[in-house]
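Heads up: the structure comes next, in structure tokens.
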Amino acid sequence: MTDGPAGPYAPHSPESPHSPAWMKPAADVSGGEGRPAPDIDTTVSHPARIWDYWLGGKDNFAADREMGDRVLEAIPDMAANARADRGFLARAVRCMAAEHGVRQFLDIGTGIPGPGNTHEIARRTDPGARVVYVDNDPVVHAHATARLTDGAPGSTDYLHADLREPRTVLDGAARTLDLDEPVGVMFLAVLEFVPDNAQARRIVTEVMDAVPPGSLLALSLSTAEIRRENAERGARIWNEGGSTPLLLRSAADIEAMFDGLELLDPGVVSCTDWRPDGIVRPSDRVAQYCGLARKP
């Protein structure tokens, strides 16, 4: 089994006529005649759009591609990191739905829609699964209503909100999710942009305190513990020119975010090492750590 239409490490070319619909620019992302929507600043790079560029998507602008290329010069396998993170998303959602019976998901910092979105993976187990996506990028907002739905009997919603305001996120999610029933909470490739460890832990704790026992938490974050020199150089380039500063975490930093939860096997590991059965793995681990834990 692969993690996406072309497997987790072999994305389609966005120029191919056989590329999936997620790679095509959505009709509502522009202000008409190819102009970007007025609330989108195309001159400043944004993490969601750079991530989309690394995944081979087309929902990005020149500033995003320039910053993405600069990071790739320092971290040549950064695109593999992004694809491995996407693969972890698929396996973690399958685990939460199939093994733990979770039927509702809160995907915080979801980014621009890509192959194998959370609701698509969850509904392979339960067609009635409910999903709330959260992000604060206007490009994500522009694509969300067009792409984050598939006509299945379950419900999906998109919440335009900042993860640093967890109460707002939770209040919005409660319109679609029953927060008295277990929830699969996801912070994938987003908490590195909360460069204060204490604040990041507070955000995670506040969200997990609001969901009941049996809920699960999936985290993934960039690390400097794998190919440290390249990772630290890439982070410096990002922080000198990116719109949102980031902090690389150690495995211990990430494990601390799971405090009070039951960390599932194999613990905090590179995304390529998290339950890798059935995936095409690169020869080296990627500098992207992940983990999944259950609230007792």
Side-chain angles (χ1 to χ4, degrees), residues 1-5 8 20-22 26 28 85-135 140-161 163 166-190 204 207-220 261-262 264 274-275 277-279 290-296:
M1 180 180 293
T2 59
D3 290 313
W22 69 271
D28 60 356
D85 187 274
R86 194 75 185 180
F88 168 65
L89 179 155
R91 300 194 302 282
V93 171
R94 281 199 296 268
C95 176
M96 289 189 276
E99 297 181 28
H100 295 272
V102 173
R103 296 295 180 262
Q104 47 183 6
F105 297 84
L106 179 56
D107 188 341
I108 301 174
T110 184
I112 294 170
N117 295 300
T118 298
H119 71 282
E120 296 166 336
I121 302 298
R123 287 177 186 170
R124 294 172 189 171
T125 299
D126 179 1
R130 289 176 287 173
V131 178
V132 172
Y133 295 97
V134 182
D135 210 291
V140 178
H141 189 191
H143 288 287
T145 54
R147 297 182 181 175
L148 296 178
T149 181
D150 59 7
S155 299
T156 59
D157 192 16
Y158 174 80
L159 180 62
H160 192 67
L163 65 86
R167 189 68 260 165
T168 299
V169 170
L170 291 163
D171 289 344
R175 296 195 299 262
T176 300
L177 308 182
D178 180 355
L179 299 185
D180 291 326
E181 296 293 330
V183 178
V185 177
M186 303 159 64
F187 289 93
L188 302 187
V190 67
V204 171
V207 173
M208 294 308 294
D209 282 349
V211 295
S215 296
L216 290 105
L217 170 65
L219 295 178
S220 68
L261 307 176
E262 298 172 347
L264 305 183
W274 198 90
R275 304 191 182 189
D277 291 348
I279 70 170
C290 66
L292 180 66
R294 182 180 181 277
K295 182 174 180 176

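When reading the values below, keep in mind they use all heavy atoms of this one structure, side chains included, and skip hydrogens, waters and symmetry mates.
The two atoms that bring Ala293 and Leu261 nearest to each other are CB-CB, 3.8 Å, heavy atoms only. The minimum heavy-atom distance between Pro182 and Ser215, with the atom names listed, is CA-OG, 3.4 Å. The two residues Leu89 and Gly116 come nearest to each other via the heavy atoms CD2-O, 3.6 Å. The nearest pair of heavy atoms linking Val93 to Ala122 is CG1-N, 3.7 Å. Contact between Trp274 and Cys290 at its shortest, heavy atoms only, is CB-SG, 3.6 Å. Nearest heavy-atom pair across Phe105 and Met186 is CD2-SD, 4.4 Å.
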* **Candidate pair Arg294 and Glu99, rule salt bridge (charged side-chain N to carboxylate O under 4.0 Å, His left out), full reasoning** => CA-CA 12 Å; Arg294 182 180 181 277; Glu99 297 181 28; over 6 Å; no

* Start with the C-alpha gap between Val134 and Tyr158, add the side-chain angles, then the distance that decides, and say whether side chain to side chain contact (heavy atoms under 4.5 Å, CB included) holds. => CA-CA 6 Å; Val134 182; Tyr158 174 80; over 6 Å; no

* To do: Tell me, with the steps shown, if Lys295 and Leu216 meet side chain to side chain contact (heavy atoms under 4.5 Å, CB included).
  => CA-CA 6 Å; Lys295 182 174 180 176; Leu216 290 105; over 6 Å; no

* To do: Just do the side chain to side chain contact (heavy atoms under 4.5 Å, CB included) check on Ile108 and Thr110 with the steps written out, would you?
  => CA-CA 5 Å; Ile108 301 174; Thr110 184; over 6 Å; no

* Asked: Can Val183 and Val102 be said to form a side chain to side chain contact (heavy atoms under 4.5 Å, CB included), step by step?
  -> CA-CA 6 Å; Val183 178; Val102 173; 5.8 Å; no

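Here the CG atom belonging to Leu106 is positioned 12.5 Å from the CZ atom belonging to Arg130, to the nearest 0.5 angstrom. Interatomic distance, Asp107 CG to Leu188 CG, rounded to the nearest 0.5 Å: 6.0 Å. Here the NE2 atom belonging to His119 is positioned 12.5 Å from the CG atom belonging to Asp157, to the nearest 0.5 angstrom. Distance check, rounded to the nearest 0.5 Å: OH of Tyr133 to OG1 of Thr156 gives 7.0 Å. Rounded to the nearest 0.5 Å, atoms CE (Met96) and OG1 (Thr118) are 7.5 Å apart.
Side-chain N/O atoms of Asn117 and Arg86 include a donor and acceptor closer than 3.5 Å. Between the side chains of Asp85 and Ser220, at least one donor N or O sits under 3.5 Å from an acceptor N or O.
Here Glu181 pairs with nothing under the side-chain hydrogen bond (donor to acceptor under 3.5 Å, both in side chains) rule; sequence neighbours left out.
You'll find the side chain of Gln104 reaches within 4.5 Å of the side chain of Asp178, heavy atoms only. Between Leu217 and Leu292, every side-chain heavy-atom pair lies at or beyond the 4.5 Å cut-off. Counting heavy atoms from C-beta outward, His100 and Leu264 have side chains that approach closer than 4.5 Å.
The only member of Asp126, Val131, Leu177 that meets side-chain contact (heavy atoms from CB on, under 4.5 Å) when paired with Arg103 is Asp126.
Side-chain atoms of Asp135 come within 3.5 Å of backbone N or O of Gly111 as a donor-acceptor pair. The main-chain N or O of Asp171 is never found under 3.5 Å from a side-chain atom of Arg175 such that the two would form a donor-acceptor pair.
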